[in-house]
Amino acid sequence: MAHLIEAGIIGATGYTGLSLLEVLVRHPNIELKFATTRRGDLAGEYIYREHPNLLGLTELQFSLFDLGNESLKDANDRVLRLIGDSDVVFLAVPSGASANIVKEIRRLGTRIIDTSADFRLKDPDAYRRFYEREHPCPELLKEFVYGLPELHREDIRKAKYVACPGCNSTAMILAGYPLTKIQGLGNFRIVYDVMTGSSEAGAELSRSSHHAERTGVVRPYSLKEHRHLAEVRQELGMEPSRVCATMFAVGMVRGVECIGHVFPDQPIGEKELWRAFRSAYGEEPFIRIRARKVPGPGSLPDPKFVRGSNYCDVGFFVDEVCGRICVLSALDNLLKGDVGNAVQSMNLMFGLDEGTRLRDLVPSYLYE
Amino acid sequence: MAHLIEAGIIGATGYTGLSLLEVLVRHPNIELKFATTRRGDLAGEYIYREHPNLLGLTELQFSLFDLGNESLKDANDRVLRLIGDSDVVFLAVPSGASANIVKEIRRLGTRIIDTSADFRLKDPDAYRRFYEREHPCPELLKEFVYGLPELHREDIRKAKYVACPGCNSTAMILAGYPLTKIQGLGNFRIVYDVMTGSSEAGAELSRSSHHAERTGVVRPYSLKEHRHLAEVRQELGMEPSRVCATMFAVGMVRGVECIGHVFPDQPIGEKELWRAFRSAYGEEPFIRIRARKVPGPGSLPDPKFVRGSNYCDVGFFVDEVCGRICVLSALDNLLKGDVGNAVQSMNLMFGLDEGTRLRDLVPSYLYE
Amino acid sequence: MKVKCPECDGDINVPDDAVLGEIVSCPDCGQEFEIHKIQGSHVELKPAEVEGEDWGE
């Protein structure tokens, strides 16, 4: 595999695009060839005009790219050539737009890592139900591998196309996955409460993300059939009725905290939970298990301990009085919940050490 | 009943004491006779020295009072005389200290409204289990009425002693109470997740409430047998195994958001939930029902809509896919979750309009 | 005129001069309805197709 990988980002102005840039500008094996935008005012501008924190870290300029706009034929063709010459392209555009781009660039042969929801669900009906539209190219679904290395490492190594999971789904999946390995649990049902930060809403302006109205809320924003649930059910192999979740927007910018409650038919002990979590994650570079019985800082997952890193902390406890077991997880929705999975998958696809660059992202505790 | 009620506060430096002052200084029927502290440095000082927001609102000065300190006999006796001369005294001191004060001042005949946990639980064993010590005067337990007007209005009217509920318990009880009225539900089990603000930790300094370390957390701080649970079980009349809860410290100062998940044996529809919530709370001055199906601002409870007021918003929804019903509530932990119940009970005890002063606390939306 | 909300049994106030096709919403559950039939003081409602602004994140 070539030591230097030529890569590009489609949709580099959103929060996912920004987070990709923050990781890739200092990735030893990556040469960033292009970063696109649909905004005419940014075409040709330095990246750091739009992302001031990147001043001094890249001299790259934005390329205009919008397949939906015929009048931009020359600009589009220029980017298509850049894509063709690159080894991998990251897509950081909304669902729907992503599928249309994939349909167009497939013939170029470049590896694709998509951060949208378009190719996560194997079942086009699930896609229709949650995204309320027909999937533009269902025949391509089977070519994409679900970009969660902890569950699909070997497939990702061999993959040409990877679809990265949603941030909430990553948290729910990684918390619940070990339970699917416990024989004694049988057909358990899990109910999640997921608490999320404002950066999940993305860069687009909206009243619900307006600072004066977003601060100090605990807002239930998705009551039941959240689109990320379809991924959790697919990845945990559980029928819809056994996995439910409610999401809350809470007071933070970056971070997801997730708790899953299970009421098993017969009691499951801490020992068994430790066994299941160790066998699932013991060797994982980016999963840390926090399940200390003694309360205190760090005894259980909290985004405060992972923010700015690719870690997903997982944990559990047993509530004997109610015969309840709880699984928990915490991650940074822009890193392990988004571009962390993308870059981790890319490292695997190109035979690099999986933690390249990602290991250098040390979680910073005093980082609001 | 005398139009002007002479009242005092024991423990006026804590957050509960402060919140009591903020309400009582503008209560039309209250004349504040004393506000005590155990701190020598504050004895004789104006209240607004310690609580600068109250400058111009009261000329009251702190009285020194600490029964545990023999050397303060004169100061203690002076306050005991003040208590004897007053119509009602609010206790805003930690559990344990409260019970000792009650034992001492009972003979004075003044009405007592206690905000500590010492007299909330009817069963001394539950108190021992949760507070890890013997109850100092279990024989007095039966003389206290649980200070939640929505459930005990008539008893409070006639009460001499009232024990105000915990903030998290108020939220859990008010969310779950209507369900106990639905025949079809039978022996349901409810699992709560409760998200709380930093003011719940009180004025005492601690690493977990240190700003740099408290900001940006979603910290599970009580996993299972939280002391407030005993109140919820008592008030909802449910055995311990049917009520469980996990608490999270989230990014806000004031506020509690609570969600309760129930998986009924047979389906319960929205209509039945509306009937139960309307019959429980239809006439209540401080409970608003938010259960709108169309998502949007205010469709479900969120502390953002009650902060600064005595309201507890409650709501619910039905998740057909998983056969789950959810109940929710949101309140301001310093008001409806604390001094709101205390003042509401006081109004009832003295035959005043229950909403006196409390109705003037309009929830302020842009109030972090 | 008062009519029972088909969704939650709440009371919906229908203006006396309401016309067919008019949209009324339930003050409790917020569901919107179209006035389907009016016979004297008897009013029939049917759900109105309405897309709420999704406060999604």
Side-chain angles (χ1 to χ4, degrees), chain A residues 189 191 193 195 197 207-208 212-225 229 240-246 248-257 259 261 263 293 295-297 299-305 307 315 317-324 326 328 330 365-368, chain B residues 189 191 193 195-197 207-208 212-225 229 240-246 248-257 259 261 263 295-297 299-305 307 315 317-324 326 328 330 365-368:
Chain A
R189 173 171 48 203
V191 53
D193 276 320
M195 291 153 268
R207 184 179 165 194
S208 58
E213 305 198 31
R214 175 64 176 73
T215 304
V217 302
V218 180
R219 180 197 308 138
Y221 67 88
S222 149
L223 314 184
K224 21 192 177 170
E225 287 303 287
L229 261 186
S241 67
R242 289 171 54 212
V243 187
C244 43
T246 300
F248 292 86
V250 300
M252 66 185 160
V253 175
R254 301 171 78 109
V256 176
E257 172 86 0
I259 182 167
H261 305 277
F263 293 89
K293 297 184 77 141
S299 58
L300 276 167
D302 176 349
K304 188 81 171 176
F305 301 121
R307 192 164 286 129
F317 62 85
V318 176
D319 175 355
E320 297 79 5
V321 171
C322 305
R324 168 177 66 132
C326 282
L328 299 100
Y365 180 51
L366 297 174
Y367 169 27
E368 194 277 312
Chain B
R189 174 172 49 202
V191 52
D193 276 319
M195 291 155 264
T196 68
R207 183 178 166 196
S208 59
E213 305 197 33
R214 176 64 174 77
T215 303
V217 301
V218 180
R219 179 196 306 141
Y221 68 90
S222 149
L223 314 183
K224 25 190 179 173
E225 285 305 284
L229 261 185
S241 67
R242 291 172 52 211
V243 187
C244 45
T246 301
F248 293 86
V250 299
M252 65 184 160
V253 174
R254 302 171 76 108
V256 177
E257 173 86 0
I259 181 167
H261 306 276
F263 293 89
S299 58
L300 277 167
D302 176 347
K304 188 82 169 175
F305 300 122
R307 195 164 284 128
F317 62 85
V318 175
D319 175 355
E320 297 79 4
V321 171
C322 305
R324 167 177 66 132
C326 282
L328 299 100
Y365 181 51
L366 298 174
Y367 170 26
E368 197 277 313

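Numbers restart at 1 for each chain; the letters A, B, ... are given by sequence-line order, proteins then strands.
- With a 4.5 Å cut-off on non-hydrogen atoms, A:P295 does not touch chain B at all.
- When all heavy atoms of A:K304 and B:E213 are compared, the closest pair comes out as CE-O, 3.5 Å.
- One finds the OG1 atom of B:T246 at 9.5 Å from the CG atom of A:D193 (value rounded to the nearest 0.5 Å).
- Neither the backbone nor the side chain of A:F305 comes within less than 4.5 Å of any heavy atom of chain B.
- Looking at A:V253, there are no atoms closer than 4.5 Å to chain B (heavy atoms on both sides), in backbone or side chain.
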* Step-by-step side-chain contact (heavy atoms from CB on, under 4.5 Å) determination, B:F248 to A:V250 -> CA-CA 11 Å; B:F248 293 86; A:V250 300; over 6 Å; no
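- Taking the side-chain contact (heavy atoms from CB on, under 4.5 Å) definition, one finds that B:Y367 meets it with B:R254, B:R307, B:S364, sequence neighbours left out.
- Contact detail for B:P240 and A:C322: the closest heavy-atom pair is O-SG, 3.7 Å.
- Considering every non-hydrogen atom in both A:V218 and B:P303, the closest pair reads O-CD, 3.6 Å.
- Looking at A:P297, the atoms closer than 4.5 Å to chain B (heavy atoms on both sides) all sit in the side chain, from C-beta outward.
- Interface remark: B:R219 contributes backbone and side-chain atoms alike to the contact with chain A (heavy atom separation under 4.5 Å).
- Interface residue A:V318: only backbone heavy atoms are found under 4.5 Å from chain B.
- By number of non-hydrogen pairs under 4.5 angstrom with chain A, the leading residue of B:G315, B:S241, B:G255, B:G197 is B:S241.
- The shortest side-chain heavy-atom distance between B:I259 and A:P220 does not fall under the 4.5 Å cut-off.
- Chosen from B:R242, B:M252, B:M195, the residue pairing most often with chain A at heavy-atom distances under 4.5 Å is B:M195.
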